[in-house]
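In what follows, a single structure is set out as structure tokens and then discussed.
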Amino acid sequence: ADPPMVTTYYLDGDSVMLTHYCMANNQPRMKAGAQHGKAIEFRFVDATNLKSADAGHMHGMTFTVEDENHISQAWTWSDQGKTETHSFKLERVK
């Protein structure tokens, strides 16, 4: 099984930030930027425990509130200048 990952969301002044505690053993921080309808884009600010800017890390995330019971996240992974997207859909348990 993959090690667990945790993402915390918090206010930093009037900005919404996140820190992603990744299975890659680094901790990217991202800041909420553009909002498009129900979607908010988080953009990379910096990271702790990142060996170099080209080392593998989560570099962005789009958080979408689909409806009151569903959210989705599209995470952008960056490694050696190449990117790929990993999408997750979450549903509230009733």
Side-chain angles (χ1 to χ4, degrees):
D2 291 329
M5 292 184 283
V6 173
T7 302
T8 58
Y9 301 85
Y10 50 92
L11 289 174
D12 182 23
D14 3 350
S15 299
V16 177
M17 299 282 296
L18 69 76
T19 299
H20 178 67
Y21 299 88
C22 191
M23 62 189 278
N25 200 30
N26 55 46
Q27 300 79 36
R29 291 185 332 128
M30 299 177 204
K31 182 177 183 178
Q35 182 174 352
H36 306 284
K38 296 180 177 184
I40 301 170
E41 291 180 27
F42 284 85
R43 298 201 173 135
F44 184 82
V45 174
D46 58 18
T48 56
N49 209 36
L50 189 61
K51 294 178 183 174
S52 73
D54 286 339
H57 66 280
M58 290 299 182
H59 198 76
M61 192 268 285
T62 301
F63 184 98
T64 305
V65 178
E66 308 286 344
D67 59 40
E68 65 184 30
N69 294 310
H70 301 87
I71 61 171
S72 62
Q73 298 177 339
W75 289 87
T76 301
W77 172 259
S78 178
D79 190 6
Q80 303 302 315
K82 296 180 182 176
T83 61
E84 58 186 51
T85 301
H86 301 270
S87 296
F88 302 90
K89 293 189 179 281
L90 304 168
E91 181 175 355
R92 182 190 314 263
V93 176
K94 295 181 180 182

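Keep in mind that this is a model prediction, so the values were computed, not measured.
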Atom of [X], atom of [Y] and distance for their closest heavy-atom approach:
X	Y	value
Ala32	Phe42	N-CD2, 3.5 Å
Val65	Ile71	CA-CG2, 4.2 Å
Ala39	Thr64	CB-OG1, 3.4 Å

Between side-chain atoms of residues 16-23 and protein atoms elsewhere (two or more places apart, or another chain), which donor-acceptor pairs fall under 3.5 Å?
residue, atom, partner, partner atom, Å
Thr19, OG1, Tyr10, OH, 2.8
His20, ND1, Thr7, OG1, 2.8

Result block: side-chain N/O donor-acceptor pairs under 3.5 angstrom for residues 87-94, not counting sequence neighbours:
residue, atom, partner, partner atom, Å
Arg92, NE, Glu68, O, 3.3
Arg92, NE, Asn69, OD1, 3.1
Arg92, NH2, Glu68, O, 2.6

**OP:** Without swapping roles, check the side chain of Asp12 against the backbone of Ser15 for a donor-acceptor pair under 3.5 Å.
**Re:**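 Side chain of Asp12 to backbone of Ser15, a donor-acceptor pair under 3.5 Å: no, none is there.
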Subject >> Test item: Asn26 side-chain N/O and Gly56 main-chain N/O as donor-acceptor pair under 3.5 Å >> reply: yes
Original post:
When rounded to the nearest 0.5 angstrom, what is the spacing between CD in Gln73 and CD1 in Ile40?
Top reply: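 The distance works out to 11.5 Å.
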Subject >> Identified side chain to side chain contact (heavy atoms under 4.5 Å, CB included) partner of Trp75 from the options Glu84, Met61, Met5 >> reply: Met61
Original post:
Hey, is Glu41 close enough to Arg43 for a salt bridge, meaning N to O under 4.0 Å?
Top reply: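 Counted as a salt bridge, because a side-chain N and a carboxylate O are separated by less than 4.0 Å.
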**OP:** Check the hydrophobic clustering (I, L, V, M, F, W, Y; side-chain heavy atoms under 4.5 Å; chains of links allowed) and say if Val45 and Met58 are grouped together.
**Re:** no
Original post:
His59: what forms a side chain to side chain contact (heavy atoms under 4.5 Å, CB included) with it, not counting sequence neighbours?
Top reply: Phe44, His57, Ser78
